[in-house]
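First comes the structure, then the notes that go with it.
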Amino acid sequence: MADYAFRTLEDRQKIEKLWEDGRTPKEISASLDKSMAVIYAELTRGQDGTRLPDRRLRYSAELAQRRVQASLERRGKRAGQPADMNTAAGSGTASR
């Protein structure tokens with residue numbers, strides 16, 4: 001079971017459908033062959049603040065996907081670092 005791999009939008013949509021059908025995280029985990037930790041992380045990531053008729057927090061696959069994409073775009077960006085490292089390497093470098 002490769003839980004470390006990124007989930008696709010289709011995987012998230014399956015989780016959303018099963019969750020809206022009233023399945024428990026344990027049942028979702030078993031049906032998708034993912035660990036319970038992955039399912040709980042996804043359910044938390046995609047919470048939109050509204051509730052289902054059974055009072056559970058709603059999961060949105062699209063919201064979870066947008067959050068993951070935003071996180072991936074932020075990776076590697078450091079405050080105060082130039083965007084293009086090639087231009088920064090040639091300017092103001094002290095020689096020995």
Practice item. Mind listing the closest non-hydrogen atom pair of Leu9 and Ala61 along with its distance? Key: CD1-O, 3.9 Å

Check your understanding: If every non-hydrogen atom of Leu43 is compared with every non-hydrogen atom of Pro25, which pair is closest and at what distance?
Key -> CD1-CG, 4.0 Å

Exercise for review: Kindly indicate, with the supporting measurements, whether the criterion side chain to side chain contact (heavy atoms under 4.5 Å, CB included) is fulfilled by Ile15 and Leu32.
Suggested key: CA-CA 8 Å; Ile15 292 171; Leu32 298 179; 3.4 Å; yes

**Study point:** OG-CD distance between Ser60 and Gln13, expressed to the nearest 0.5 angstrom
**Key:** 9.5 Å

Exercise for review: State, to 0.1 Å, how close Ser35 and Ser29 come at their nearest heavy-atom pair, and which atoms those are.
Suggested key: C-OG, 3.6 Å

Check your understanding: What heavy-atom pair brings Arg51 and Arg58 nearest, and what distance separates the two atoms?
Key -> O-NH2, 3.4 Å

Review point. Atom OG of Ser71 and atom CZ of Arg45: how far apart are they, to the nearest 0.5 Å?
Key: 8.0 Å

Practice item. State, with a plain yes or no, whether a side-chain heavy atom of Arg7 is found less than 4.5 Å away from one of Val68. Key: no

Check your understanding: Distance from Ile28 atom CD1 to Asp33 atom CG, nearest 0.5 Å?
Key -> 14.0 Å

Exercise for review: Would you mind listing every salt bridge (charged side-chain N to carboxylate O under 4.0 Å, His left out) that reaches into residues 23-32, with sequence neighbours excluded?
Suggested key: none

Point to revise | Gln65: side chain to side chain donor-acceptor pair (under 3.5 Å) partners, not counting sequence neighbours | key: Arg12

Review point. Heavy-atom distance under 4.5 Å between the side chains of Ile39 and Glu42, does that happen here?
Key: no

Practice item. Could you tell me whether a side-chain N or O of Thr44 sits under 3.5 Å from a main-chain N or O of Tyr40, the two making a donor and an acceptor? Key: yes

Practice item. Check Ala64 against Gly46 and note the closest heavy-atom contact, atom names and distance. Key: CB-CA, 3.8 Å

Review point. So, for Leu52 and Leu57, which heavy atoms are closest and what is the spacing to 0.1 Å?
Key: CD1-O, 4.4 Å

